[in-house]
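Order of the sequence lines sets the chain letters (A, B, ...), proteins ahead of strands, with each chain counted from 1.
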Number of protein chains: 2
Amino acid sequence: MTKGFSSVWTREGRSAKSTPGLSRDQIVRAALELLDAEGADGLSMRKLGAKLGAGATSIYWYVANKDELLELAYDEIWGEMVIADPEQVSWRYAAASFGKSMRQAILRHPWASRLIGRMPAIGPNALRATDRLRHAIAVAGFEGLEIDYAISTLTAYVFGMSIPETAFNEYLAKEEPDEEAMRAAVTQAMADYPEMVKRVEAYHNLDASQVREMSFDFGLYTVLDGLEARLVT
Amino acid sequence: MTKGFSSVWTREGRSAKSTPGLSRDQIVRAALELLDAEGADGLSMRKLGAKLGAGATSIYWYVANKDELLELAYDEIWGEMVIADPEQVSWRYAAASFGKSMRQAILRHPWASRLIGRMPAIGPNALRATDRLRHAIAVAGFEGLEIDYAISTLTAYVFGMSIPETAFNEYLAKEEPDEEAMRAAVTQAMADYPEMVKRVEAYHNLDASQVREMSFDFGLYTVLDGLEARLVT
DNA sequence: ACCTGAACACCGTTCAAGT
DNA sequence: ACCTGAACACCGTTCAAGT
């Protein structure tokens with residue numbers, strides 16, 4: 001028993017022009033503010049209504065449900081992902097710039113992590129960004145299904161680094177664990193694995209966010225090298 | 001204002017032996033059943049209590065909160081991730097086997113996707129699995145911080161493929177969109193990007209899960225090639 | 001056309017009270 | 001030591017009713 005298909009992007013919007021009361025734009029902007037300020041759990045229809053000086057249920061006039069609202073908010077993040085022009089620079093540089101830009105957009109809006117894959121990314125910003133990456137990959141020389149595979153490989157890597165990173169940042173913000181206590185507990189849990197303890201201790205005096213960036217770059221170039229190897233064959 | 005550090009794995013368990021009433025094991029097993037059967041949203045303390053023939057709040061005697069319960073459940077998934085012995089096979093084969101095994105474990109337990117990175121993976125199963133991957137990467141020839149970078153690159157790729165995949169599966173299961181309607185809507189949304197439409201149409205007669213597997217393997221070997229390139233340098 | 005409040009069916013968690 | 005029920009402070013969503 002299917003239900004057709006529905007997405008904000010394929011429904012007729014309510015009166016895009018007239019502005020007697022609220023507007024979809026206004027609602028999305030307010031939702032973004034709430035999400036950026038308080039995280040994914042900070043957005044509730046009641047809070048959003050209050051912020052807009054309206055009843056919680058007024059929002060349902062503009063949006064079918066909370067998921068549609070999140071679809072709209074999610075697409076804004078795609079708007080922040082930029083890519084260098086692959087006609088001007090090497091495809092590697094273009095792809096790398098996109099990867100870094102994706103990561104930054106997600107780190108700026110950690111709440112977006114939870115939405116990745118949860119809804120088809122077919123908003124205008126998502127399509128524009130994806131098409132540009134597709135173009136860069138095509139310029140590189142990939143053809144047919146390998147275009148999609150290459151795109152997936154790159155975006156999966158970026159998502160896979162960024163999603164856990166934001167999740168852990170949220171954990172840190174919420175739980176505020178004592179760093180020393182945490183390290184002690186972790187090394188204790190690793191008592192049976194001395195090599196793992198060494199790994200943890202290697203980071204003792206390093207700046208965490210710098211290490212994450214170095215780690216991200218390492219993997220990014222790894223993926224690009226791997227893609228290049230696929231082109232030669 | 002930090003709060004020390006707390007995790008199920010570093011707290012004293014409540015009476016691991018005596019079994020007058022419930023037990024932590026029993027609770028975790030029931031939670032896993034609920035999660036596997038109904039997904040991440042299917043687990044509530046009330047439902048879990050009912051399943052165990054107890055009050056919802058009885059669980060709080062064995063577990064500090066729902067997050068601790070999820071930590072316990074999450075570690076079970078790590079127990080399903082296996083790796084070939086890197087002393088017997090090539091490190092590439094070992095790493096590939098781990099990657100495939102990770103993906104399968106996540107696909108079997110889609111609810112685990114949401115937990116990735118949200119809590120330190122320091123349960124016994126997570127540690128054992130991670131240590132084995134670390135060993136394979138060390139056998140390959142990586143040293144120092146690059147061991148961690150290489151591990152992160154591989155796991156990020158697998159997570160980045162699997163998380164959106166499970167999220168989309170959950171979306172499909174919940175919304176049950178009509179396939180034809182969805183494809184029509186998507187291609188319509190892509191009206192301005194003819195090259196993207198071509199990409200979508202390329203999948204018209206292909207088996208979706210087969211394509212996902214091919215795509216996963218493509219990326220996995222891409223990552224492994226990239227890692228190998230890093231070793232030579 | 002747009003907005004409202006009440007109501008429904010849920011949540012996680014706390015806590016005093018029971019045995 | 002273990003379990004309970006009531007209560008608190010929330011959720012998303014529906015819907016009849018208002019203007």
Where DNA chain D forms stems, i.e. three or more consecutive Watson-Crick or G-U pairs with both distances under 3.5 Å: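 Stems found: C:4-8 with D:12-16, C:12-16 with D:4-8.
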Parallel, tilted or perpendicular, as decided by the 30° and 60° cut-offs, for the rings of A/Tyr171 and A/Phe168: parallel
Could you state the atom-to-atom distance from [atom1] of [X] to [atom2] of [N] in whole Å?
| X | N | atom1 | atom2 | result |
| --- | --- | --- | --- | --- |
| B/Tyr60 | C/dC15 | OH | C1' | 13 Å |
| B/Leu34 | C/dC11 | CG | P | 10 Å |
| B/Asp67 | C/dC11 | CG | P | 17 Å |
| B/Ile59 | C/dT14 | CD1 | P | 14 Å |
| A/Leu70 | D/dG12 | CG | C1' | 12 Å |
| A/Asn65 | D/dG12 | CG | P | 11 Å |
| A/Arg46 | C/dA9 | CZ | P | 15 Å |
| B/Leu48 | C/dT13 | CG | P | 12 Å |

Given D/dG5, D/dC3, D/dG12, the nucleotide with the shortest approach to the side chain of B/Thr57: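 In terms of side-chain proximity for B/Thr57, the closest of D/dG5, D/dC3, D/dG12 is D/dG5.
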B/Ser58, nearest nucleotide to its side chain (from D/dG5, D/dC3, D/dC11):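 The closest nucleotide is D/dC3.
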No-hydrogen, no-angle side-chain donor-acceptor test under 3.5 Å, A/Asp41 and A/Trp111: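 Judged by distance alone, the side chains do not pair up.
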At less than 4.0 Å, is any side-chain N or O atom of A/Trp61 found next to OP1 or OP2 of C/dC2? Yes or no.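 Affirmative; the distance criterion is met.
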Report yes if a side-chain nitrogen or oxygen of B/Tyr62 is closer than 4.0 Å to either non-bridging phosphate oxygen (OP1 or OP2) of D/dC3; otherwise report no. yes
Pair A/Lys174 + B/Asp67: basic N to acidic O under 4.0 Å: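 So A/Lys174 pairs with B/Asp67 through a salt bridge.
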Before accepting this row, confirm whether a basic side-chain N of the pair B/Arg108/B/Asp36 lies closer than 4.0 Å to the acidic partner's carboxylate O.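 The answer is no: the pair does not qualify as a salt bridge.
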Yes or no on side-chain contact (heavy atoms from CB on, under 4.5 Å) for B/Arg103 and B/Glu213, after CA distance, side-chain angles and deciding distance? CA-CA 10 Å; B/Arg103 172 167 182 259; B/Glu213 193 137 340; 3.9 Å; yes
Give a yes or no on whether B/Gln188 atom CD has more than 12 heavy-atom contacts from other residues, nucleotides or ligands under 6.0 Å away.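 Result for CD/B/Gln188: open.
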Is there a donor N/O on one and an acceptor N/O on the other, under 3.5 Å, for the side chain of A/Ser44 and the base of D/dG12? no
Looking across every strand, which nucleic acid part, if any, lies under 4.0 Å from A/Leu52 by heavy atom: base, sugar-phosphate, or nothing? nothing
For A/Ala54, which contact category applies under a 4.0 Å heavy-atom criterion: base, sugar-phosphate, or nothing? sugar-phosphate
For B/Ser209, check side chain to side chain donor-acceptor pair (under 3.5 Å) against everything at least two apart and list the hits. B/Asp207
